[in-house]
Asks: 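The structure under discussion is supplied below as structure tokens; questions concerning it will follow.
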Amino acid sequence: MADQRLPSRSENFADWYNQVVLRAELADYAPVRGCMVIRPYGWALWENIRDTLDRRFKATGHVNAAFPLFIPMSFLEREQEHVEGFSPELAVVTIGGGQELEEPLVVRPTSETIIGHMYAKWIKSYRDLPVLINLWNSVVRWEMRTKLFLRTTEFYWQEGHTAHATAEEAEAETLQMLDIYADFAEREAAVPVIRGRKSQSEKFAGAVHSYTIEAMMGDRRALQSGTSHNLGQNFAKAFEIRYLDQNNELQYCWTTSWGLSTRFIGAIIMVHGDDQGLILPPRLAPHQVVVVPIFRSEEEKSTVMETVERLAQQLGERFRVYVDRREGLTPGFKFNDWEMRGVPLRVEIGPKDVAKGSAALARRDQPGRAGKQFVDQAGLTETVASLLDEIQASLYQRALSFRQEHTHQPEDYEAFKDVVQNGWAESWWCGDAECEAAIKEETKATIRCIPLDQPGGSGKCIRCGNEADEHAVFARAY
RNA sequence: CGGGGUGUAGCGCAGAUGGCAGCGCACCGCGUUUGGGACGCGGGGGUCGGCGGUUCAAGUCCGCCCACCCCGACCA
């Protein structure tokens, strides 16, 4: 049936994206403007992202805690740049229990300020440092324009907040967390990223400088997929986060913050998906393997289900396996349904397989009949293991090649303007904010980052022709 | 905030000139089906976004309001 197809990705990427999110049951629109419900399948994906990140945080000495949703308005106002950056998008509570509040409460847009307040209380001595706390929570930013996962009024994320004795230590932490994000993105999500520094105009409000991982989506636009900020002593000074050093001298701390949000789910969708729907990387997929039983009669059903349950049990020891026991749906329908939902590997078991001791495997990264193969039930676990690894690796490779194909080094500004409408440009940039603003004005492209990996040497700024010693990545972004 | 669009069953839509609120999909029941999006028969489901007005009569005409989506300026 025609209306069961998705809009094509190449013709209408935005429509395709919305349809995939809704039809794969990752999320749904909530009754409040800009808000969404993350459905069980989407949340399961987030849980996998969360768990794998959390392991990395714990392994580097961080601990989790919970901080309140409400923040006194006055806290926001203590760091000038911070309040200027966030005030347009704050949700503010002015009434509680039917009474006008003495001081309005902000629904946290991020927790730097309340963290600052508490750290000031807790940190007295160099012996208290470093403080390495992470929060798993949601925050609210009143955005003008929203899009499922990519930008919603409320979103889930983690925010790490650390305090250190020295600038060097804080910078090392900031970079360490950026590396953790990059490692997560590439190894778990199969999303290749560019690590880099944000320009001053794009950095976090209140940071000294911000780092980012940038990924190229299927429509060649860039998505900031995780950020790590070196806050210097800005928040320490605003909140009096001080400690006594070994010489009994009072010093301001150096702080950092870093975050990765449910927006990353949007990246996974837009990097890997195809016209059939979602393609989830095996390491994060809620169901790594789905088993579809095929039978006609009741007799066939019982022998097929016996085999299915046995194989599922066996596979379940190593993988996240789901058996599709739904009645009254044809196998064909189920094949399409699981492809829509991006399950990396499908196992089909029918009467012929029971008789022959075989199983049909279909890999999602090669849709339709092309990705099918017939294998022995003996050794199925090993076969599945290597296939999942292969799928994970090929998704990464495919995404990387795509990014390389669409990343250009234009010769001059004319070529630059052209290239940046349909891909990324890597060019020399003089570092001047006015130049940056002009480029944005003239092309809609922004500096996504100044990559940590630099070619070295120097050149001429792509726009003004002045001496430039850094390369920047320019692109239209989400 | 500007531009555009849409509000009628869970979803997608039809309902010229006002006159019994419909179709497809989905859902429920029964039967036949089932290796790439099955079919038949039967069934349930509605304050037509809201308020007001015109009229014997409003989903339809008029006014006001609200909501949501898409495209731009701000943002993870």
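Throughout, a chain's letter reflects where its sequence line sits, starting with A, and its residues are numbered from 1.
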Asks: Looking across every strand, which nucleic acid part, if any, lies under 4.0 Å from A:L329 by heavy atom: base, sugar-phosphate, or nothing?
Replies: base

Asks: In whole angstroms, how far is the P atom of B:rC1 from the CD atom of A:E143?
Replies: 16 Å

Asks: I want to confirm an ordering. Mapping A:K147 and A:K334 to their closest nucleotides on RNA chain B, which one lands closer to the 5' end?
Replies: A:K334

Asks: Counting only side-chain nitrogens and oxygens, does A:K440 get under 4.0 Å of the OP1 or OP2 atom of B:rC74?
Replies: yes

Asks: Closest approach of A:R39 and A:E25, non-hydrogen atoms and distance?
Replies: CB-O, 3.3 Å

Asks: For a quick check of understanding: with a heavy-atom distance under 4.0 Å over all strands, which category does A:F204 fall into, base, sugar-phosphate or nothing?
Replies: nothing

Asks: Taking atom types as modelled and ignoring hydrogens, do the side chains of A:T256 and A:T162 form a donor-acceptor contact shorter than 3.5 angstrom?
Replies: yes

Asks: Report yes if the distance between the aromatic ring centroids of A:F204 and A:F86 is under 6.0 Å, otherwise no.
Replies: yes

Asks: Just N and O in the side chain of A:R296: are any of them under 4.0 Å from OP1 or OP2 of B:rU34?
Replies: yes

Asks: Take atom C1' in B:rG24 and the same atom in B:rC1, then report the distance between them in whole Å.
Replies: 39 Å

Asks: Counting Watson-Crick and G-U wobble pairs only, both distances under 3.5 Å, name the nucleotide matched with B:rC64, or none.
Replies: B:rG50

Asks: Do A:R448 and A:T446 meet the criterion of a side-chain donor-acceptor pair at a distance under 3.5 Å?
Replies: yes

Asks: For the P atoms, the ones on B:rC62 and on B:rA58, what distance do you get once it is rounded to whole angstrom?
Replies: 16 Å

Asks: Cut-off 3.5 Å, side chains only: do A:H229 and A:S210 have a donor facing an acceptor?
Replies: yes

Asks: Measure the shortest side-chain to side-chain distance between A:F67 and A:N137 over non-hydrogen atoms and say whether it is less than 4.5 angstrom.
Replies: no

Asks: So what does A:L150 hit on the nucleic acid, given a heavy-atom distance under 4.0 Å: a base, only sugar-phosphate, or nothing?
Replies: base

Asks: Give a yes or no on whether A:W136 atom CH2 has more than 12 heavy-atom contacts from other residues, nucleotides or ligands under 6.0 Å away.
Replies: yes

Asks: Once you round it to whole Å, what is the distance between P of B:rG37 and CD of A:Q276?
Replies: 13 Å

Asks: What distance, rounded to whole Å, do you find between the two C1' atoms, one in B:rA14 and one in B:rG46?
Replies: 16 Å

Asks: Quick one: is B:rU34 close enough that its OP1 or OP2 comes under 4.0 Å of any side-chain N or O from A:T330?
Replies: no

Asks: Take atom CZ of A:F333 and atom C1' of B:rU33, then tell me their distance rounded to the nearest Å.
Replies: 16 Å

Asks: Please tell me whether A:E299 and A:S297 have a donor and an acceptor in their side chains that are separated by less than 3.5 angstrom.
Replies: no

Asks: Going by number, which of residues 345-361 of chain A have a non-hydrogen atom under 4.0 Å from RNA chain B?
Replies: A:R346, A:E348, A:G350, A:P351, A:K352, A:D353, A:A360

Asks: Starting at atom CZ of A:R448, determine the distance to atom C1' of B:rC75, rounded to an integer number of angstrom.
Replies: 10 Å

Asks: What's A:F264 touching, base or sugar-phosphate or nothing? Going by heavy atoms closer than 4.0 Å.
Replies: nothing

Asks: Is the base of B:rA67 syn or anti, if syn means a glycosidic angle within 90° of 0?
Replies: anti

Asks: Testing the 3.5 Å rule here: is there a donor-acceptor pair between the side chains of A:R56 and A:T52?
Replies: yes

Asks: Less than 4.0 angstrom between a side-chain N/O of A:K444 and OP1 or OP2 of B:rG72, yes or no?
Replies: no

Asks: Side chains of A:S201 and A:E436: donor-acceptor distance under 3.5 Å anywhere?
Replies: yes

Asks: If I take atom CZ in residue A:R23 and atom P in nucleotide B:rC11, what distance separates them, rounded to the nearest angstrom?
Replies: 15 Å

Asks: Going 5' to 3' along nucleotides 3-10 of chain B, which nucleotides have protein heavy atoms under 4.0 Å from the base (write B), which only from the sugar-phosphate (write S), and which from neither (write -)?
Replies: --------

Asks: Does the ring center of A:F57 lie less than 6.0 Å from the ring center of A:W258?
Replies: yes

Asks: Do the rings of A:F239 and A:F235 sit parallel, tilted or perpendicular, given the 30° and 60° boundaries?
Replies: parallel

Asks: Can you tell me the distance, in whole Å, between the CD atom of A:E327 and the P atom of B:rU32?
Replies: 14 Å

Asks: Test A:F264 against every option in A:W46, A:F149, A:F184 by the ring pair (Phe, Tyr, Trp, His ring centres under 6.0 Å) rule and name the one that passes.
Replies: A:F184

Asks: Return the residues of residues 84-92 of chain A meeting this criterion: a heavy atom under 4.0 Å from some atom of RNA chain B. Order them by number, or give none.
Replies: none

Asks: What is the distance, rounded to the nearest whole Å, between atom CD1 of A:I294 and atom P of B:rG36?
Replies: 8 Å

Asks: Say we look at B:rG7 and B:rG12: how far apart would their C1' atoms be, to the nearest angstrom?
Replies: 13 Å

Asks: Provide the distance between the two P atoms, one in B:rG49 and one in B:rC13, to the nearest whole Å.
Replies: 14 Å

